[in-house]
Amino acid sequence: ESYLKLIEKGRKPQEARVVLPLDTNTELIHTAFVSDWNHFFRLRSRIAETGKPHPQAQELADPLMDEFIKRGITELVE
């Protein structure tokens with residue numbers, strides 16, 4: 001209710017979410033060049049070249065990388 005009231009008063013969603021619990025689902029939309037995505041995968045997926053990535057980052061990166069490979073967008077290999 002507090003979140004919706006803040007929105008009604010003209011607050012932006014990213015400002016109003018301060019009243020939400022930390023585990024509330026949020027949606028992230030990100031666009032980038034393929035080279036940027038490859039860099040992200042090299043940092044945050046199972047093929048990380050800079051050390052073990054944070055588990056939650058890898059949880060996001062691995063399926064996304066698999067989808068990029070499946071669609072022929074990238075050819076990263078382990």
Side-chain angles (χ1 to χ4, degrees):
E1 288 179 33
S2 298
Y3 174 82
L4 294 175
K5 285 180 185 178
L6 288 169
I7 296 294
E8 287 174 13
K9 291 181 179 182
R11 295 295 210 158
K12 295 179 182 176
Q14 57 267 39
E15 296 170 335
R17 72 178 185 183
V18 71
V19 299
L20 298 174
L22 290 177
D23 61 352
T24 300
N25 187 43
T26 56
E27 184 175 301
L28 172 69
I29 298 173
H30 182 84
T31 58
F33 294 107
V34 173
S35 60
D36 297 325
W37 283 111
N38 288 341
H39 180 68
F40 169 73
F41 297 140
R42 287 189 177 99
L43 292 174
R44 304 290 180 241
S45 73
R46 64 183 173 269
I47 65 164
E49 298 171 349
T50 58
K52 184 137 179 77
H54 187 283
Q56 289 178 321
Q58 187 174 353
E59 186 178 305
L60 171 73
D62 283 349
L64 188 57
M65 182 178 68
D66 292 341
E67 190 66 27
F68 273 55
I69 293 168
K70 177 180 156 188
R71 292 177 183 228
I73 298 170
T74 190
E75 297 178 358
L76 292 171
V77 292
E78 297 180 48

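The first residue of the sequence shown is numbered 1, and numbering continues consecutively from there.
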Starting at [atom1] of [X], measure out to [atom2] of [Y] and round the result to the nearest 0.5 Å.
X     : Y     : atom1 : atom2 : value
Phe41 : Thr74 : CZ    : OG1   : 7.0 Å
Leu64 : Phe40 : CG    : CZ    : 6.5 Å
Asn38 : Ile47 : CG    : CD1   : 7.5 Å
Leu76 : Phe68 : CG    : CZ    : 10.0 Å
Arg42 : Thr50 : CZ    : OG1   : 11.5 Å
Glu8  : Glu1  : CD    : CD    : 10.5 Å

Q) So with a 6.0 Å cut-off around CD of Gln14, is the heavy-atom count from everything else above 12? A) yes
Q: Check side-chain contact (heavy atoms from CB on, under 4.5 Å) between Ala57 and all other residues, then give those that pass, not counting sequence neighbours.
A: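 Ala57 satisfies side-chain contact (heavy atoms from CB on, under 4.5 Å) with Arg44, His54 once adjacent residues are dropped.
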Q) Leu43: which other cluster members, linking ILVMFWY side chains closer than 4.5 Å, directly or transitively? A)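 Traced through the cluster, Leu43 reaches no other member.
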Q) Would you call Met65 and Ile69 a side-chain contact if the rule is heavy atoms closer than 4.5 Å? A)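 Yes, at least one pair of side-chain atoms sits under 4.5 Å.
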Q.
Between His39 and Phe33, is there a side-chain heavy-atom distance shorter than 4.5 Å?
A. no
Q) Considering all heavy atoms of both residues, which atom of Asp36 and which atom of Ala32 are nearest to each other, and what is their separation? A) CB-CB, 3.6 Å
Q) Which heavy atom in Pro53 sits nearest to a heavy atom in Ser45, and how many Å separate them? A)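 Nearest heavy atoms, Pro53 then Ser45: CG-O, 3.5 Å.
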